[in-house]
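What follows is a set of notes on a single structure, which appears directly below.
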Amino acid sequence: MRSLAVFLLPLILPLCQSAPTSESYASTDPNGPLWDESSDPSVVESIRGKLGASIIGPNNIPVGLQNPDLIAPPSTDAGSLANAKWPFSLSHNRLLDGGWVRDQNVGVMPIATAMASVNMRLQAGAIRELHWHKTAEWAYVLKGYTQITAVDSEGRNFIDTVGPGDLWYFPAGVPHSLQATAEDPDGSEFLLVFDDGTFSGDSTFLLTDWLSHVPAEVIAKNFQVDNSDAFSHIPDEELYIFRSDPPKDNSGLPESPQGTIPEPFSFRLSQVPKTQLSGGSVRIVDSTTFKVSTKIAAAEVTVEPGAIRELHWHPTMDEWSFFLEGTGRVTIFASQGTARTFNYQPGDVGYVPTAMGHYVENTGNTTLRFLEIFNTDRFQDISLNQWLALTPPHLVKAHLQLDDGTIARLSKKKPVVVGPVGH
């Protein structure tokens with residue numbers, strides 16, 4: 001009898017281990033958002049199926065309408081994950097003569113440790129004064145046109161005007177200026193991203209701030225001026241943003257004996273052809289195309305209604321995202337049974353820590369457009385679909401019990417943005 005058991009055991013064990021019991025299968029119940037911003041406010045309740053209960057205390061209905069998956073999360077959410085959403089509309093706005101500025105950093109979004117952002121607005125002609133940072137500065141123009149200037153450590157200079165959907169990048173320590181042109185009567189607005197989650201726009205090195213704290217005789221000696229009035233009009237407080245006449249063109253750059261900067265600090269992302277996909281499109285920019293951008297890589301992604309930015313992760317870098325148009329939701333998988341879903345509207349910042357699995361789903365009826373930004377020189381992602389397609393089928397079947405037809409439909413190329421089923 002013992003010999004028979006020894007003989008049968010190797011045959012029985014694989015059968016016992018090959019498939020989980022039916023009670024252990026993940027649910028296939030629908031788990032979409034239960035409402036949206038246009039819904040009747042009465043639906044904003046912490047109830048999903050048989051779980052939860054109505055809200056009988058104070059309830060901020062406008063916030064609830066924007067965040068259905070926080071109020072009534074999908075049943076697939078579990079565990080605890082730090083908040084991964086920050087609306088820029090909740091950031092304190094510093095109002096100045098000619099524009100405004102507001103920050104997002106770890107002070108308001110503690111999960112975002114690798115990158116921070118500044119949203120800035122300049123009226124036509126207004127100047128963001130000459131300054132520099134400890135960190136690199138990457139920018140995406142939201143509207144209007146901005147003239148940028150810079151000088152590097154070799155004494156080479158640069159000037160250009162950057163328009164909607166285009167970029168600039170200044171390495172750490174490189175002094176520069178920003179001025180809105182009059183090509184758009186509203187001036188310009190742009191998004192700045194810095195490769196340090198603790199960055200604040202208030203910690204910038206400003207020209208006027210520095211010189212107002214240097215003795216006058218030292219300034220005269222430094223610039224070799226005999227006229228005591230030459231530097232007598234330095235503001236006693238920083239200018240930061242101030243009004244001025246709009247620049248006419250890019251011809252005002254002094255000729256440098258050292259020449260101009262060899263690799264431009266600007267990049268025409270708006271002119272890069274989109275890679276069209278079944279559910280949307282993508283443009284990718286990193287140091288392979290924008291050579292000076294060695295600290296920041298990015299993708300501009302569109303997702304059509306009913307489509308998703310596929311299940312994926314980024315192997316070695318956090319993702320900082322900014323939502324430009326449309327509405328979407330993201331579920332972040334943080335391992336060990338932890339997942340949480342967030343809803344996003346235009347002007348919202350999202351964040352996914354390194355290697356955490358996620359997707360971006362269009363939950364509206366218009367195109368969803370957003371930026372994926374990374375603190376790295378090269379864009380990288382890993383597609384779940386492609387990984388499974390390129391893994392031996394018997395291993396995939398052993399984990400997921402997929403049939404041959406489903407295995408055959410897996411994509412050996414990254415889908416990136418996937419259209420609705422049957423699209």
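We count residues from 1, following the sequence as given. Just so we're clear, the structure is a prediction, and the values are computed from it rather than from any experiment.
Counted by atom type alone, R329 and N343 present zero donor-acceptor pairs between their side chains at under 3.5 Å. No donor-acceptor contact under 3.5 angstrom links the side chains of W132 and T204, judged on distance only. Between the side chains of E37 and Q66, at least one donor N or O lies within less than 3.5 Å of an accepting N or O. Side-chain N/O atoms of E304 and T367 include a donor and acceptor closer than 3.5 Å. Side-chain atoms of E319 and W313 form no donor-acceptor pair, as typed in the model, at a separation below 3.5 Å. Between the side chains of H312 and Q386, not a single donor N or O lies within less than 3.5 Å of an accepting N or O.
The closest side-chain heavy-atom distance from L96 to V101 is below 4.5 Å. A 4.5 Å side-chain heavy-atom check between I308 and V417 finds every atom pair outside the cut-off. The closest side-chain heavy-atom distance from W138 to K295 is not below 4.5 Å.
Side-chain atoms of D348 never come within 3.5 Å of backbone atoms of F323 as a donor-acceptor pair (strictly under, hydrogens ignored). Although no hydrogens or angles enter the test, the distance criterion places no donor-acceptor pair under 3.5 Å between the side chain of R156 and the main chain of S256. Side chain of Q179 to backbone of D245: a donor-acceptor contact under 3.5 angstrom is found. Judged purely by atom type and a 3.5 angstrom limit, N375 has no side-chain atom pairing as donor or acceptor with the backbone of I296. In this structure a side-chain-to-backbone donor-acceptor pair under 3.5 Å is missing from N362 to G328. The backbone N or O of L410 sits nowhere less than 3.5 Å from a side-chain atom of N385 that would complete a donor-acceptor pair. Between the side chain of E129 and the main chain of L239, a donor-acceptor pair closer than 3.5 Å is present. At least one donor-acceptor pair closer than 3.5 Å links the side chain of S287 to the backbone N or O of D377. Between the S293 side chain and the F290 main chain, no donor and acceptor come within less than 3.5 Å of each other. With W320 contributing its side chain and A114 its backbone, the two residues share no donor-acceptor pair below 3.5 Å.
From I148, atom CD1 reaches atom OG1 of T161 across 8.0 Å, with rounding to the nearest 0.5 Å.
Surrounding CD of E263 are more than 12 heavy atoms belonging to other residues, nucleotides or ligands, all under 6.0 Å away.
A search for side-chain contact (heavy atoms from CB on, under 4.5 Å) contacts involving T354 returns D318, not counting sequence neighbours.
Separation of the H176 and H133 ring centroids falls under the 6.0 Å cut-off. If you look at F322 and F370, their ring centroids are not closer than 6.0 Å.
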| message | Quick one, N67 with K85, criterion side chain to side chain contact (heavy atoms under 4.5 Å, CB included). Give me CA distance, side-chain angles, the key distance, then yes/no. | response | CA-CA 10 Å; N67 297 280; K85 172 181 177 175; 2.7 Å; yes

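Across all their heavy atoms, R102 and F88 have their closest contact at NH1-O, 3.3 Å.
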